Every structure is written in structure tokens, then in C-alpha cells.
Amino acid sequence: MNHRMWTPNRLEQERIDKLNALEARGTPAYPARVERTHTCAAAVDAFTQAESAAETPEAIAPVAVTVTGRIRRHNLKGKIAFLHIEDESGRLQLFLRINDMKPEAFALVSDKLVEMDDFVQASGTMMRTQAGEVSVRVSDFKLLAKSLSPLPVIKQAKQDDGTIIEYGEFSDVEARYRQRYADLAVNASVREIFRKRSQVIRAVREFLDNDGFLEVETPILQPVYGGAAARPFITHHNQLHQDLFLRISFELYLKRLIVGGYDAVYEIGRDFRNEGVSFKHNTEFTMLEFYKAYIDYRAVMELTEQMVAYTAQQVLGTTTIRYQGAEINLAPPWKRITMRDAIKQYTEIDYMELRDRDALEAAIRALGGDQARTLKPGQPWGKMVEHLLGEFVEPHLIQPTFITDYPIDISPFAKRVAYDDVHVERFEFYIHGMEFGNAFTELNDPRDQEQRFLEMAALYRPEDDDATPTDEDYLRAMRYGMPPTGGFGMGIDRLVMLLTDQRTIRDVLLFPHLRAEQEA
RNA sequence: GCCUCCCUAGCUCAAUUGGCAGAGCAGUUGACUCUUAAUCAAUUGGUUCUGGGUUCGAGUCCCAGGGGGGGCACCA
């Protein structure tokens with residue numbers, strides 16, 4: 001591996017010079033010891049409480065604090081200085097006066113050896129400045145960590161109504177993704193998105209835990225991949241001389257656990273799909289799947305709408321949300337419509353009257369328009385039905401909607417609808433025209449399952465050497481017997497997009513996938 | 001993989017028909033003991049993504065490459 005040496009730019013060189021000057025004065029730039037009695041927010045709270053408890057300003061009980069944070073505003077004014085420091089809780093102003101502190105401590109600031117972006121520790125008594133800002137009157141001051149590369153400059157102006165206007169921005173998309181640490185450090189709104197992301201996952205867990213589900217972990221490296229139709233990433237175990245696949249879903253492992261006697265299991269984890277990226281696809285993404293014995297897909301629908309509504313309520317305090325300008329009501333019950341009725345509604349095609357694939361293709365082409373033109377020739381019947389749904393129905397599904405009863409030939413793990421040789425008990429749900437999840441009454445007849453594997457192998461990717469493989473061990477598990485089970489999968493990233501009003505998946509991923517940076 | 005747009009100072013952006021590469025912020029120096037987008041004065045800073053080409057002259061036009069955005073395809 002070549003190590004590319006860092007060549008400091010002019011601004012960075014100035015900071016290196018300052019670091020050397022600090023150490024020449026005997027001031028460590030990266031000390032090990034640090035103290036903190038209050039977060040920035042807690043220090044402000046403690047003071048405002050002391051204020052309201054006092055009868056007169058002179059009677060305010062002194063509030064001594066030691067606070068820490070990164071310098072985000074630096075205003076040196078002769079023999080005094082105002083600094084804003086920021087920790088995760090928020091910002092706090094430090095008021096430094098040369099008379100109040102040791103001269104060498106004040107000199108760190110007045111000589112600009114301690115500056116923007118540095119981490120510092122300050123001790124003192126809480127006060128309110130003449131301009132009314134709660135601040136620390138600093139008596140002791142210490143550098144905690146020197147910043148050698150200046151962060152992008154963003155200034156803030158607080159309006160009378162409390163809203164903050166920002167001047168300057170760090171908005172270059174590529175730089176923000178490649179240097180997410182800098183993005184997070186200067187863009188508080190970005191920090192907030194990922195705090196919400198954590199709350200979303202916590203709420204989903206809470207909901208499932210409260211419903212008696214057991215959280216489990218299954219292999220990420222799988223000898224046989226399955227449960228979806230995506231191309232996998234392939235890797236190799238040297239010692240075992242074995243090719244392994246990064247999972248494209250958890251489905252087949254979780255159902256093995258239902259065979260094993262657990263009534264309800266779920267997993268939240270990463271899937272990997274070797275496919276294109278888009279505003280709603282990343283090569284690795286976070287999936288939730290759950291399986292519950294002794295229920296069917298109708299009960300899964302109820303769980304789904306309750307779980308999403310619960311999550312919105314926990315994270316946002318409401319089930320009525322705004323996404324990309326649209327008001328969306330997540331409160332149950334959600335609309336339910338069969339795939340057949342939905343397609344009839346938006347295209348006036350009844351695919352049940354067009355069971356011949358050539359007849360269906362002709363009918364779709366007769367619809368005209370771009371949506372009809374994008375249909376690729378020679379598609380299997382079920383894929384064309386899906387094309388109809390995707391092109392003509394999906395964009396209209398703004399409010400949460402369950403589309404139910406999918407064609408069997410695109411649903412190899414779902415149970416057939418009784419007395420219906422076309423459909424399976426499967427649903428997908430859509431919000432704002434985007435697919436969020438997929439669920440079905442699980443197929444538990446091992447004979448039927450084996451047949452479906454064979455049909456899949458024949459139908460999909462016949463040009464690929466690695467066409468959807470038959471999972472013999474999964475069939476063995478099915479032969480031991482699996483109870484009637486409802487199963488569910490949902491992209492967590494998309495749920496986070498919905499609840500944080502983000503248009504692209506990359507903005508809810510801390511480190512979205514990018515190509516390697518060019519060598520200098 | 002295809003189409004299309006973009007890449008200029010640390011950040012955000014200008015640069016007329018191809019004609020001296022600029023501004024604001026920050027940085028540097030100085031002033032300032034209640035500032036808050038602090039203010040005032042002075043001032044530094046460029047591989048215009050990379051490599052070729054056309055031209056008297058290229059940030060600008062052409063070719064190739066890299067990275068990114070948007071779209072398409074793929075993603076049962």
C-alpha cells in the first residue's frame with residue numbers, strides 16, 4: 001500500500017506553526033486529562049434555574065461549571081474575548097477577561113494560538129452578558145485538542161424569534177459525503193437526521209419487542225444466497241477454500257428459526273446487492289425482516305401499519321407527517337387494494353382476461369406513452385403485470401397503501417391464494433410512490449417450494465451462470481414442518497427518509513458508497 | 001452499462017466573443033475590556049480535476065481520462 005503523504009495547505013501550515021508555538025510555551029496540544037461538570041445545555045439550564053429562583057439579580061446563587069467543546073465562534077476584542085463552544089448538547093458562550101484569569105491562559109486566545117475549531121475546556125461561573133446571553137465568566141481555560149485543518153466557515157445569526165440564519169455553507173455534495181465528519185461538524189441539521197435515524201430503529205425494536213418478537217442475528221456470509229432476486233457480492237474463505245456470498249436478504253435463515261420453534265423472530269441488519277444505485281438504492285442497506293408463526297398476511301398488514309404509525313409517533317410525536325411537500329397520514333388503517341383492482345383502476349387493463357403473455361404485451365403497448373414504451377420485449381407474464389403496477393399505479397400511491405395478491409410466478413416464497421391458480425397471499429406497501437416493504441403468508445409446503453425453486457431457475461437470469469440457486473438445506477428445513485407463518489421485510493433507510501423528509505437515501509446513510517478517490 | 005450536466009482560493013461563488021484569474025467569508029498584521037454575521041484599517045492566498053490538442057493567446061473550444069449530480073437500465 002502506498003501511503004500518500006499529507007501536504008498541508010497554507011491555512012493548515014499556519015496551524016502547524018501555532019501548534020509548535022504552543023508546545024514551545026509548554027502547552028500540550030493534545031492532553032490526556034479532561035474534566036467536565038456540565039454539558040453546554042446543562043450549564044445554561046442550571047443558570048436559568050438559579051435565576052428564576054432568585055428574587056433579585058444580585059441574589060442569584062453562583063453556578064460553577066467546567067464545560068468542554070469545539071470553538072465555533074471566535075471574537076477577540078482587545079483585552080476581552082467571546083468564544084462560542086459547541087458540544088453535542090448545543091452552544092455556549094465563554095466570556096474571557098484578562099483580569100479574571102491567568103495572563104498565560106488569556107494569551108492562548110489573544111495570541112490566536114487557540115482558535116476556531118479547537119477543542120477547549122473552560123471553568124468559571126455562569127453569568128448573563130449585558131446583551132443578555134447566558135455565558136461562562138471564565139477563570140480557567142485549557143486547550144484540549146488542536147485542529148490542524150480548518151472546518152468550512154458557517155456563521156450563525158440568531159433572530160429575535162429564536163430562528164437561526166446561517167451565512168456561508170458547506171454544501172458540495174461530494175465533499176459532504178466523502179468527509180462526513182466535516183459535514184456533521186458544521187451542519188447541525190445533518191447531525192439531527194442521524195439522531196432521528198437512531199430513534200427510528202429504536203422505536204421499531206420497541207414495537208416488535210413489545211409484541212413478543214425475539215431479535216436474532218443470522219449469517220451475513222452465506223454459502224447459498226436467496227430470498228430476493230438481486231445479484232450478490234461474492235467473497236472467498238481462504239482456509240475453507242469456499243466461496244461465500246454476502247446476503248441479499250435474511251428470509252431463508254429466519255424461517256429456519258420458525259421451524260426450530262420460535263414463534264416470532266426479527267432481524268435488523270445489512271443486506272448487500274450488487275446492483276445500480278439511485279436515490280432509493282444503495283449497495284448496502286439496512287433491512288428489517290420479521291416472521292411470526294400462526295398469523296397470515298392480513299395480520300401482517302395490521303402489524304405493519306401499527307409499527308410504522310408507532311415509529312412516527314415515537315420519533316415525531318405525530319402520525320401526520322410532511323414528506324417532500326405532501327401531507328401523509330400514517331394512522332391505521334391504511335388503504336388496501338388488490339393488484340388486479342389497482343391496475344384496472346389506472347389502466348383499465350384486467351390482466352385476468354389477458355392470461356396469454358403475448359396478448360398482455362399487446363395490450364400494454366396499446367396503452368401508449370413512455371410507461372408503455374419502457375416495457376422490454378419478451379418479459380414473462382408476471383413481470384409484465386409488475387411493470388403495469390410500477391409504471392401506472394405506483395406514482396399515484398401517495399398515502400400509505402397495501403397492494404395485495406401478487407402473481408405467483410414472481411413470488412416464489414408466498415403461499416397460493418386458495419382456489420386461485422394465479423395469485424399468492426402477498427402484499428407490498430407504498431408511500432409517496434415508493435415501495436417500502438414486501439410481505440406474505442409464507443409458503444410452508446415443501447413440495448410446492450421445491451417446484452417454485454425449479455421454476456425460478458428456469459424463469460430468471462437464464463443467461464447467468466449463477467441463476468437463483470435452489471437452497472437444499474432450506475427445503476430440508478421445510479420438510480421438518482413449518483407452522484403457518486406471516487413474514488415481512490422493509491427497508492429501514494426508506495423509513496428514515498420518510499420520517500426525516502430526505503429525498504435521497506444517501507442523506508440518511510452516514511457513509512454512502514462512493515468511488516475511490518483519485519490518487520494524487 | 002447508457003444519456004446528460006457539473007468540477008475555478010480552505011468554504012460559497014464570479015470571470016462578456018477565446019484576451020491581465022476576481023469577490024465575500026476565513027486566514028495574516030494592527031486597533032478595540034460586554035461582542036454575537038462584532039467593527040475599523042492594511043494584507044496574503046490559484047496545478048482553474050488530470051493529460052493531450054487547436055490557437056498569437058484556453059478557466060472558456062476539441063479529444064481522452066477521473067470524480068460528482070440528475071435521468072435511464074438493473075434491483076421478482
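Here is how names work: the chains are called A, B, and so on, in the same order as the sequence lines, proteins then strands, and each is numbered from 1. These numbers were taken from a predicted model, which means no experiment stands behind them. When reading the values below, keep in mind they use all heavy atoms of this one structure, side chains included, and skip hydrogens, waters and symmetry mates.
In the set B/rC34, B/rG68, B/rU12, B/rU12 carries the atom at the smallest distance from any side-chain atom of A/Ser171. Comparing B/rG67, B/rA76, B/rA26 by their closest approach to the side chain of A/Arg426 singles out B/rA76. Among B/rC34, B/rG10, B/rG69, the nucleotide with an atom closest to any side-chain atom of A/Leu11 is B/rG10. For A/Phe170, the listed nucleotide lying nearest its side chain is B/rU12; candidates were B/rU33, B/rA76, B/rU12. Checking B/rG27, B/rC11, B/rC34 against every side-chain atom of A/Phe95, the shortest atom distance belongs to B/rC34. For A/Val153, the listed nucleotide lying nearest its side chain is B/rG10; candidates were B/rG69, B/rC75, B/rG10.
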Does the side-chain contact (heavy atoms from CB on, under 4.5 Å) test come out yes or no for A/Leu246 and A/Glu284, once each step is laid out?
-> CA-CA 10 Å; A/Leu246 274 67; A/Glu284 56 180 288; over 6 Å; no
CA sep, side-chain torsions, deciding dist, call: A/Asp471, A/Tyr253, side chain to side chain donor-acceptor pair (under 3.5 Å) | CA-CA 11 Å; A/Asp471 190 332; A/Tyr253 278 93; over 6 Å; no
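Here A/Gln93 lies in heavy-atom contact (under 4.0 Å) with a base. A/Lys280 comes within 4.0 angstrom of no nucleic acid atom, judged by non-hydrogen atoms across all strands. Nucleic acid contact class of A/Gly168 (heavy atoms, under 4.0 Å, all strands): none. Residue A/Pro407 is out of contact with every strand shown, counting any heavy-atom pair closer than 4.0 Å. When heavy atoms are screened at a 4.0 angstrom cut-off, A/Ile98 is found touching base atoms of the nucleic acid. Base contact: A/Arg10 has a heavy atom under 4.0 Å from a base atom. At the heavy-atom level, A/Asn274 lies nowhere under 4.0 Å from the strands shown. Counting any heavy atom pair closer than 4.0 Å across all strands shown, A/Leu76 reaches a base atom. Here A/Phe413 lies in heavy-atom contact (under 4.0 Å) with a base. Residue-level contact check: A/Asn75 touches the bases, meaning some heavy atom is under 4.0 Å from a base atom. No engagement by A/Gly491 is indicated, since no non-hydrogen atom pair under 4.0 Å with the nucleic acid exists. Residue contacts shown for A/Glu166 are absent, as no nucleic acid heavy atom lies under 4.0 Å away. At a threshold of 4.0 angstrom between heavy atoms, the contacts of A/Arg503 are confined to the sugar-phosphate backbone, with no base atom among them.
Rounded to whole Å, the separation between the P atoms of B/rG69 and B/rC25 comes to 31 Å. One C1' atom belongs to B/rA41, the other to B/rG67, and the distance between them is 42 Å to the nearest Å. Spacing of C1' atoms, B/rA64 relative to B/rG22, comes out at 31 Å, to the nearest Å.
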Going by atom type alone, with no hydrogens or angles, which donor-acceptor pairs under 3.5 Å involve a side-chain atom of residues 99-110 of chain A and a protein atom two or more places apart or on another chain?
residue  : atom : partner  : partner atom : Å
A/Asp100 : OD1  : A/Arg97  : NH2          : 3.2
A/Asp100 : OD2  : A/Arg97  : NE           : 3.3
A/Ser110 : OG   : A/Phe106 : O            : 3.3

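Between A/Arg176 and the phosphate of B/rC11, there is no side-chain N or O to OP1/OP2 separation shorter than 4.0 Å. Dashed line: the shortest gap from a side-chain N or O of A/Arg506 to OP1 or OP2 of B/rG69 is under 4.0 Å. Under 4.0 angstrom from either OP1 or OP2 of B/rU36 there lies no side-chain N or O belonging to A/Lys158. Taking side-chain N and O atoms only, A/Lys155 has a distance below 4.0 Å to OP1 or OP2 of B/rA26. A sub-4.0 Å separation between OP1 or OP2 of B/rA38 and a side-chain N or O of A/Arg73 is present. Taking side-chain N and O atoms only, A/Lys18 has a distance below 4.0 Å to OP1 or OP2 of B/rU28.
Not counting sequence neighbours, the partners of A/Val44 by the side chain to side chain contact (heavy atoms under 4.5 Å, CB included) test are A/Thr48, A/Leu92, A/Val134. By the salt bridge (Lys or Arg N to Asp or Glu O under 4.0 Å) test, A/Arg10 pairs with no residue at all, sequence neighbours left out. Remark: A/Arg503 engages no residue in a salt bridge (Lys or Arg N to Asp or Glu O under 4.0 Å) (not counting sequence neighbours). For A/Phe170, the ring-ring contact (aromatic ring centres under 6.0 Å, His included) criterion is met by no residue, not counting sequence neighbours.
With a cut-off of 3.5 Å on both pairing distances, the Watson-Crick and G-U wobble pairs of RNA chain B assemble into stems of 3 or more at B:1-7 with B:66-72, B:10-13 with B:22-25, B:27-31 with B:39-43, B:49-53 with B:61-65.
No option in A/Met116, A/His74, A/Gln156, A/Glu133 other than A/Glu133 meets the side-chain contact (heavy atoms from CB on, under 4.5 Å) test with A/His84.
With hydrogens and angles ignored, the 3.5 Å screen pairs a side-chain donor or acceptor of A/Tyr323 with a backbone N or O of A/Gln502.
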